[in-house]
Amino acid sequence: MGDPAQKTAEDVSPKDDAAKEITEVPEAPPAPTVAKQEKPVVVEKKQPDVKPVSLTAENVFWLAAKYYPEALNDDRVIDQLASIDGCKEYNAVKNNEFDYRDWREKVRPGVLVSSLAAGDVFEFTLDFRVDRGYDFDTSMLDIGSFTPRAKTYSLTCRYDNFNDNVIAGKVSVSFEGLPDSFNQKIYLPDNLGRSAVDRLQETRNEVHVTYRARLKDGGLEDERWNRFYKLKAEFIDVKIYTGKQKDYLLVHHDEAKFVAAREQHMAEVRKAAEEQRRAEEQRLAAQRSHEEELRRVQQEREDAQAQKLYDSLAGDGVVPAKLAALHHDGNPSFDNPYDIAASAFSRGQKFPVRAFVEVGDRDSVGYRAKWPSRVYLTGEGLEEGDWYFVSGMGDGQKIDGALYSVISVDKATKCDGRICMNKEDVAAYVRSQYPQWSGARE
């Protein structure tokens, strides 16, 4: 293969005055925001230490064998490598076990030697049609950026894909070292810029990009549905040509430029990460502040509700029956025993009732309440002269011509006089309803 990377603008015919001016083609800066230089930088022709090989499927497989010599223990890999130059011999023997064995032993030494001799520097070329743009303020020619993608190679002999060998018959090459921020903005002032634009115009803005790369390492990739051997390569340099013969050197980026661009890119990545970290810290701080404010507002709301409940139970004019009901079972509701008696008498059935009473003397009906009057209590465990909160079933009966409420007591809670709960008891109850309550305000 010819080496277009060795051509420079010096190879252009001397009859072309514009081409003569390109003998001092400046190198491109690693980032688009490069300040204008006073003088273009002279491109020095630099020969690689090792003559690069073409990036073809054949060369890729030899390089894979060099980086993964364990694969050469697999007979099927030997078969695949021995068939790189042609499948005629392989197809002639593969169906005869003895001929197949003899052929493999014959070719194995040559395969081993060839794999060790494979070079790790290679080059490949790609053609692109670009959207050019010349900035007259900065004298920068922008022809975009070119990033080669990973590519997978395979070798077959008729219908035999060698998929059952240790590398599944495939080798993938991926490229590293070309930072995202690296693009082709070229400083070409005055006649250099005009000459470059004219050459691009001649070819309808087509450029010929020659990449040179060096293999770094390799390894097996065993994905869920795909198994192959992967080689990783880093870029050494890139040369971009245009013109009718693709001999007009627009720009040359070497390893040093890649390193500088990569460092700049990583600095930008670190800066962006730091800005993101600070933004995240600010967001979290604002979120914490907002949550604290919500908690404060919620606390104030609960304090107000708790204080209202406390005042309703411990303040002046509190109905003793409400405190007695809370003391009884925590439910502050109570009933009018006269209403229950009237409903029970008219309907001829009993109803649940909760009432606050002072027990009086006992007679043939039951305990007659001192308060409220015309109430009788039936049941055990009651003592005359004490205050109780009772719950049970209420009935209405006519006694001596008057309607009485008769309560069959299921549960009775004795009170200390008419006060069944003091302020401490009320505060404990309120706190049971509002655990975060900060306490009663006087």
Side-chain angles (χ1 to χ4, degrees), residues 1-5 48 50-127 148-176 208-234:
M1 153 178 188
D3 185 8
V50 180
K51 182 176 178 57
V53 298
S54 298
L55 184 64
T56 61
E58 293 81 0
N59 289 329
V60 164
F61 273 85
W62 287 120
L63 291 169
K66 178 178 180 178
Y67 274 89
Y68 185 39
E70 295 85 350
L72 297 173
N73 296 325
D74 186 338
D75 289 341
R76 292 284 284 160
V77 173
I78 297 293
D79 297 347
Q80 190 175 16
L81 293 173
S83 305
I84 283 178
D85 294 330
C87 301
K88 184 177 180 180
E89 291 186 4
Y90 170 76
N91 288 328
V93 301
K94 69 176 184 179
N95 295 321
N96 185 297
E97 294 88 340
F98 286 91
D99 291 345
Y100 192 8
R101 180 201 61 185
D102 294 342
W103 172 80
R104 182 183 289 143
E105 292 308 310
K106 181 184 72 173
V107 300
R108 186 187 301 273
V111 168
L112 298 178
V113 170
S114 296
S115 65
L116 292 175
D120 60 354
V121 175
F122 58 86
E123 70 178 17
F124 57 101
T125 57
L126 297 171
D127 291 329
R149 304 301 179 190
K151 185 176 181 180
T152 301
Y153 299 84
S154 60
L155 296 171
T156 62
C157 285
R158 295 184 66 179
Y159 302 109
D160 197 329
N161 294 320
F162 302 102
N163 291 332
D164 53 349
N165 69 29
V166 295
I167 59 174
K170 291 184 290 185
V171 177
S172 172
V173 181
S174 65
F175 305 99
E176 299 177 351
H208 190 67
V209 185
T210 299
Y211 292 95
R212 183 176 285 110
R214 179 187 298 108
L215 288 179
K216 292 176 60 177
D217 53 38
L220 280 175
E221 297 287 327
D222 196 357
E223 299 176 356
R224 185 177 181 184
W225 302 112
N226 198 12
R227 187 164 182 263
F228 58 91
Y229 190 78
K230 185 174 185 179
L231 290 169
K232 295 181 180 179
E234 62 179 352

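For the numbers below, each heavy atom of this structure counts, side chains included, while hydrogens, waters and symmetry mates do not.
- At most 12 non-hydrogen atoms from other residues, nucleotides or ligands lie less than 6.0 angstrom from CG of D85.
- How far CG of D79 is from CG of D74: 8.5 Å, rounded to the nearest 0.5 Å.
- Across A64 and L231, no two heavy atoms sit closer than the pair N-CD1, 3.9 Å.
- The CZ atom of R212 lies 12.0 Å from the OG1 atom of T125; values are rounded to the nearest 0.5 Å.
- Minimum interatomic distance between G218 and Y229 (heavy atoms only, all atoms of both residues): C-OH, 3.3 Å.
- The distance from the CG atom of L55 to the CZ atom of F175 is 5.5 Å, given to the nearest 0.5 Å.
- Residues Y68 and L220 come closest through the heavy atom pair OH-CD1, 3.4 Å.
- In this structure, CZ on F124 lies 11.5 Å from OG on S54, to the nearest 0.5 angstrom.
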Derivation and outcome, side chain to side chain contact (heavy atoms under 4.5 Å, CB included), residues R108 and D75
CA-CA 9 Å; R108 186 187 301 273; D75 289 341; 2.9 Å; yes
Would you tabulate the side-chain donor-acceptor contacts of residues 162-173 under 3.5 Å, counting partners in other chains and residues two or more places apart, or write 'none'?
{"residue": "D164", "atom": "OD1", "partner": "R76", "partner atom": "NE", "Å": "3.1"}
{"residue": "D164", "atom": "OD1", "partner": "R76", "partner atom": "NH2", "Å": "3.1"}
{"residue": "N165", "atom": "OD1", "partner": "I167", "partner atom": "N", "Å": "3.0"}
{"residue": "N165", "atom": "OD1", "partner": "A168", "partner atom": "N", "Å": "2.9"}
{"residue": "N165", "atom": "OD1", "partner": "G169", "partner atom": "N", "Å": "2.9"}
{"residue": "N165", "atom": "ND2", "partner": "Q80", "partner atom": "OE1", "Å": "2.8"}
{"residue": "N165", "atom": "ND2", "partner": "F162", "partner atom": "O", "Å": "3.3"}
{"residue": "K170", "atom": "NZ", "partner": "N226", "partner atom": "OD1", "Å": "2.6"}

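- I84 places a side-chain heavy atom less than 4.5 Å from the side chain of F61.
- Taken from CD1 in I78 to OH in Y90, the straight-line distance is 13.0 Å, to the nearest 0.5 Å.
- Of all non-hydrogen atoms in A118 and K66, the two that sit nearest each other are O-NZ, 2.8 Å.
- Put simply, the side chain of K230 never gets that close to the backbone of E221: no donor and acceptor are under 3.5 Å apart.
- Put simply, the side chain of Y67 gets close to the backbone of L215: a donor and an acceptor are under 3.5 Å apart.
- Rounding to the nearest 0.5 Å gives a distance of 5.5 Å between CG of N91 and CZ of R158.
- A donor-acceptor pair under 3.5 Å links the side-chain atoms of S115 to the main chain of L112, judged by distance alone.
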